[in-house]
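Beneath this line is the structure, given in structure tokens, with notes to follow.
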Amino acid sequence: MMIKFEEALRIVLENTLSPEESVVKLEDSYGRVLYKDVYAERDMPPFDKSAVDGYALKREEIGKPLTVLENIQAGYAPAKEIVSGTCSKIMTGAMVPAGADFVIMVEDTLEENGVMRLREPSDEFRKRNNICYKGEDIKKDDTLLKAGTIITAAETAILASSGYSVVSVSKVPTAGILSTGDEIVEPHITPSVSQIRNSNGWQLRAQAIATGANVRYYGIVSDNRELLKEALGKATDECDITIITGGVSAGDFDYVPEIIKECGFEILFNKVAVQPGKPSTFAVKREGSGKSGVLKVIFALPGNPVSSLIQFEMLIKPYIIKSMGGHYLPLKLSLPAAEDFKRKNAERLSLIPVVINSNGTFSAVRYNGSAHITAMAGADAIAEIPEGVTLIAAGERATLHLFR
Ligand code: AMP
Ligand code: MG
């Protein structure tokens, strides 16, 4: 039975693997998903801090000549309190001394014989006191990052600044990549007249790595029942998630669906109303009974490269990330078309490669269909052309999925 894409995504996300904890060093945490919330170990800033290089003083004494007590360097505690008639030179990031409520920028001052004066009298200086107050960014015990957050650069800075030299993250599922087809050869082989090279396997390997999975590459298996069963059995034994391409359509040699069942998996869907990617298939093996307890899954995708690329982005990437306790769906934007876009067959939701123009419109790229992988290389996003829609007129909006 053909189901809608949204339904397929819902089924996929209802059958994710259960995240498990793993503790890694900060340097190994990039791209991983946080297993636990991250808390602030202390206030940030941890003390009243100077935002500039300058002189710490009392606001009411701006403009008076002031005796300089000391030079406070970042990383050192001030030794002296500011009293009337005095100031201390202070560097950016240093602790503001007791008694001071203002830092005047060094550029606005002159210092001679231990006395600091303003370069020019002005009230402009009073506008900003150049002090960052203790705890103004973060309070001790604040939640800084929620479990499920994917660790990228800003998260790494937060972890580092809060003393997380080890990080609790989710275990990474292992994704096995298997390509099928008697016509497929690996890149180092010169194809015969009737053969083509394996691009899916390498493309899906790259996508799975980019999503943070451990990847096992199983090469190519020919369209032969016994060999397929052996290869799929091995991949599903060794991996949490097996991604197999080709052999899922209605061809005479498309054995994959029956082999999936022979391997003890239950097919939850095998046809999605989406173009490209209609024969996309999802199967699970459970522990015990009921909806929960998914042990392993198989995604079987049609062999055309654009189909497998888009279906990975739309279904498998969210699956892998949710299986690590994270949340991800492609970022969706609604943008107007730069030119008319027409199509003949409007039975299914169409996903077409587009570029985003700098004026905020989108344009379809030259695209001949699901085998045309070079169209994807130049694309910024995938536009949704809903079921029943044959024309998106220039200026009309469509939903775009950003993958990059
Ligand atoms: P299939 O889904 O097996 O019917 O294959 C659909 C189309 O995708 C056919 O033209 C195949 O030759 C092509 N194809 C299948 N597998 C791959 C692959 N691994 N790399 C590139 N093209 C493929
Ligand atoms: Mg095939």
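Because the structure is predicted, anything quoted here is derived from the model rather than measured. First listed ligand is number 1; within each ligand, the first listed atom is number 1.
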Requested in this report: Run the numbers for me: atoms of ligand 1, each under 4.0 Å from some heavy atom of G247, listed by number.
Outcome: 1 (P), 2 (O), 3 (O)
Query raised in the report: Has K342 got more than 12 heavy atoms of other residues, nucleotides or ligands less than 6.0 Å from its NZ?
Result: no
Report summary line: Residue, atom and distance of the protein heavy atom nearest atom 22 (N) of ligand 1 read I196 CD1, 3.4 Å
Query raised in the report: Within a radius of less than 6.0 Å around CD of E136, do more than 12 heavy atoms belonging to other residues, nucleotides or ligands occur?
Result: yes
Query raised in the report: For atom 20 (N) of ligand 1, what is the nearest protein heavy atom, given as residue, atom name and distance?
Result: S199 N, 3.0 Å
Query raised in the report: ligand 1 versus R197, non-hydrogen atoms closer than 4.0 Å: side chain, backbone, both, neither?
Result: backbone
Report task. Using a strict cut-off of 4.0 Å, indicate which atoms of ligand 1 neighbour a heavy atom of N200. Result -> 16 (N), 17 (C), 18 (C), 19 (N), 20 (N), 23 (C)
Requested in this report: Please determine if G303 has a nitrogen or oxygen closer than 3.5 Å to a nitrogen or oxygen of ligand 1.
Outcome: yes
Query raised in the report: Does ligand 1 have an atom that lies less than 4.0 angstrom from a heavy atom of G181?
Result: no
Query raised in the report: Out of S249, P302, S179, S194, whose heavy atom is nearest to atom 4 (O) of ligand 1?
Result: S249
Report task. Tell me, please, whether Y328 has K317 positioned over its six-membered ring: NZ or CZ under 6.0 Å from the ring centre and within 45 degrees of its axis? Result -> yes
Query raised in the report: Is there a donor-acceptor contact under 3.5 Å linking the side chains of Y55 and E111?
Result: yes
Requested in this report: Before accepting this row, confirm whether a basic side-chain N of the pair E70/K80 lies closer than 4.0 Å to the acidic partner's carboxylate O.
Outcome: no
Report task. Check whether any N or O atom of N304, backbone or side chain, sits under 3.5 Å from an N or O atom of ligand 1, and answer yes or no. Result -> yes
Report task. Between V248 and ligand 1, find which residue part has any heavy-atom pair under 4.0 Å and reply side chain, backbone, both or neither. Result -> neither
Requested in this report: Determine, for E6 against R10, whether the closest basic-nitrogen to carboxylate-oxygen distance falls under 4.0 angstrom.
Outcome: no
Requested in this report: Output, in order, the C-alpha distance, side-chain angles, deciding distance and verdict of ring-ring contact (aromatic ring centres under 6.0 Å, His included) for Y319 and F299.
Outcome: CA-CA 10 Å; Y319 184 86; F299 288 92; 5.3 Å; yes
**Report entry** Protein residue, atom and distance nearest to atom 9 (C) of ligand 1, heavy-atom basis
**Finding:** E183 OE2, 4.0 Å
Query - N198: numbered ligand 1 atoms lying under 4.0 Å from its heavy atoms - result: 18 (C), 19 (N), 20 (N)
Report summary line: Taking every heavy atom of L118 against every heavy atom of I104, the minimum-distance pair comes out as CD2-CD1, 3.2 Å
